[in-house]
Amino acid sequence: MAITSNALPTSRRSNPGSDRAECAMTISRAQASVLPATVDYSTLQDADVMLRVRAGDEGAFTYLVEKFRRPLIGFLYRSSGNSAVAEELAQEVFLRVYRARTSYEADAKFTTWLYRIATNLAMNHARDTRSERAAHAASLDEPDPSTGETHDAADPRITVEQSLVRDERMAAIKKYVMALPERQRMAVLMHKYQEMDYRQIAGVLRLSESATKSLLFRAYETLREQLKDFV
Amino acid sequence: MKHGQTCEEIRSRFLDGLSADAAAHLDQCAECARAWIGFKQTMSTLDAWTVPEPSPYFQTRLWARLEEIKAEEAARAQGIFALLRFRWLGVPVWRPAAVAALAAALAVGLNLTDSTESKLGKGNTVVSQDTQPGRGSAVGDLQVLESHQETISDLDLLDDLPVYSASASSTQDKI
């Protein structure tokens, strides 16, 4: 028997706040031990899957890792500029989620909580490595230190000139986004690349929605001016 | 149209797309119209920032670190209870430990009594209401044991807990 959201009584879906509290009480550790092994987690809200992790369901944690691995690494790559650092930070995020599972309260969306942990780790890393970071002008012959990849101009679909323009644009985007003030940078990354809404971003950054919107507006105005030669 | 409050309000809503009133404003404000085009171009340019593929060993490394955390949590959960339930040669080790602790408490208590007497001096006739029995006296020993009776009886409850044996496998004896 697969457990799906349709199995929940209708009243539980009418009030998300009390729904999750009831879910927490219902899915106790003892009950989790007798739940069937095959559960279709994709039919559950992420917060409910995390509540199952809290109850001891290891498969639920695996599901969350597989679902958020790629977007989380992408977010941390853009905030740190380095793929190895991004993966290290992403691992730390998941491990902190696991360690905190027994105290998890579904009072906000799971992604808000997840990205709050990720944002804090990213900002701490940025502060700790500020003096080490410098603008890197990559040459075509050297591997990109952030990815380990070499720039391949041998793609027959694009000319060398097009490749150079593309690389220059990418370097400019990285440079100017990384140069934004901390919270503006995180807000842009969450809004543009993670496609999070204002409410989620506000929850992560602990700001009001209007302050978040204002933050984003200023960030994009800055980037519009700085990237106008690269459009 | 001069750049003023209305223009800033319109531009701040670019993030939500172009509403009807914003579109009408752009028809009349060249500056805002250029700002809107610039905003769309910026968002399109930002799309060029791609990310590399994650390492194929990401989850392997994560699961390895996760196992370490689980082992730490399991060790922490066993903690003092494993120590108290541990038996050596069939004897619960907490018994001699408890006896040693009580003996130490007795020794400290009697030593304090002895030092009090030495401060007062031998033959001192001053009698306080809190006079302690002499060192090694049967009455003194019985008083100390009586004051710890509750502790001694509580320790017996540990006999009811499952036993960890030094020679047993870890899978047989569990909390």
[X] side, atom [atom1]; [Y] side, atom [atom2] - distance, nearest 0.5 Å:
{"X": "Tyr193(A)", "Y": "Asp47(B)", "atom1": "OH", "atom2": "CG", "value": "7.0 Å"}
{"X": "Met170(A)", "Y": "Trp49(B)", "atom1": "CE", "atom2": "CH2", "value": "9.5 Å"}
{"X": "Arg13(B)", "Y": "Phe217(A)", "atom1": "CZ", "atom2": "CZ", "value": "11.5 Å"}
{"X": "Leu95(A)", "Y": "Ile69(B)", "atom1": "CG", "atom2": "CD1", "value": "4.0 Å"}

How far apart are the C-alpha atoms of Tyr198(A) and Asp16(B), what are their side-chain angles, what is the distance that settles it, and do they pass the side-chain hydrogen bond (donor to acceptor under 3.5 Å, both in side chains) test?
CA-CA 10 Å; Tyr198(A) 302 129; Asp16(B) 302 323; 2.6 Å; yes
Would you list the atom pairs, donor with acceptor, under 3.5 Å between side chains in residues 219-231 of chain A and any protein atom, with sequence neighbours excluded?
unit_1    : atom_1 : unit_2    : atom_2 : d
Tyr220(A) : OH     : His191(A) : ND1    : 2.8
Glu221(A) : OE1    : Arg224(A) : NH2    : 3.2
Glu221(A) : OE2    : Arg224(A) : NE     : 3.3
Glu221(A) : OE2    : Arg224(A) : NH2    : 3.4
Thr222(A) : OG1    : Arg218(A) : O      : 2.9
Glu225(A) : OE2    : Lys228(A) : NZ     : 2.5

Would you mind telling me which of Arg70(A), Glu66(A), Glu92(A) has the largest number of heavy-atom pairs within less than 4.5 Å of chain B?
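Top count of heavy-atom pairs under 4.5 Å with chain B: Arg70(A).
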Any Lys/Arg nitrogen of [X] or [Y] sitting under 4.0 Å from an Asp/Glu carboxylate oxygen of the other?
{"X": "Lys213(A)", "Y": "Glu9(B)", "value": "no"}
{"X": "Glu88(A)", "Y": "Arg65(B)", "value": "yes"}
{"X": "Arg99(A)", "Y": "Glu73(B)", "value": "no"}

Evaluation steps, side chain to side chain contact (heavy atoms under 4.5 Å, CB included), between Phe75(A) and Val51(B):
CA-CA 9 Å; Phe75(A) 171 73; Val51(B) 296; over 6 Å; no
Could you look at [X] and say if it's the side chain, the backbone, both or neither that has a heavy atom under 4.5 Å from chain B?
{"X": "Leu76(A)", "result": "neither"}
{"X": "Thr62(A)", "result": "both"}
{"X": "Ala90(A)", "result": "both"}

For the CZ atom on Arg61(B), are there more than 12 heavy atoms of other groups (residues, nucleotides or ligands in this structure) within a distance under 6.0 Å?
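Yes, CZ of Arg61(B) has more than 12 neighbouring heavy atoms, counting only those of other groups under 6.0 Å.
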Give the C-alpha distance, both sets of side-chain angles, the deciding distance and a yes or no for side chain to side chain contact (heavy atoms under 4.5 Å, CB included) between Phe94(A) and Leu66(B).
CA-CA 9 Å; Phe94(A) 286 122; Leu66(B) 199 62; over 6 Å; no
Under a 3.5 Å distance rule, please check whether Lys192(A) uses its side chain to pair with a backbone N or O of Leu46(B) as donor and acceptor.
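No.
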Short question: side chain of Glu87(A), backbone of Pro54(B) - any donor-acceptor pair under 3.5 Å?
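Checking the backbone N and O of Pro54(B) against the side chain of Glu87(A), no donor-acceptor pair under 3.5 Å is found.
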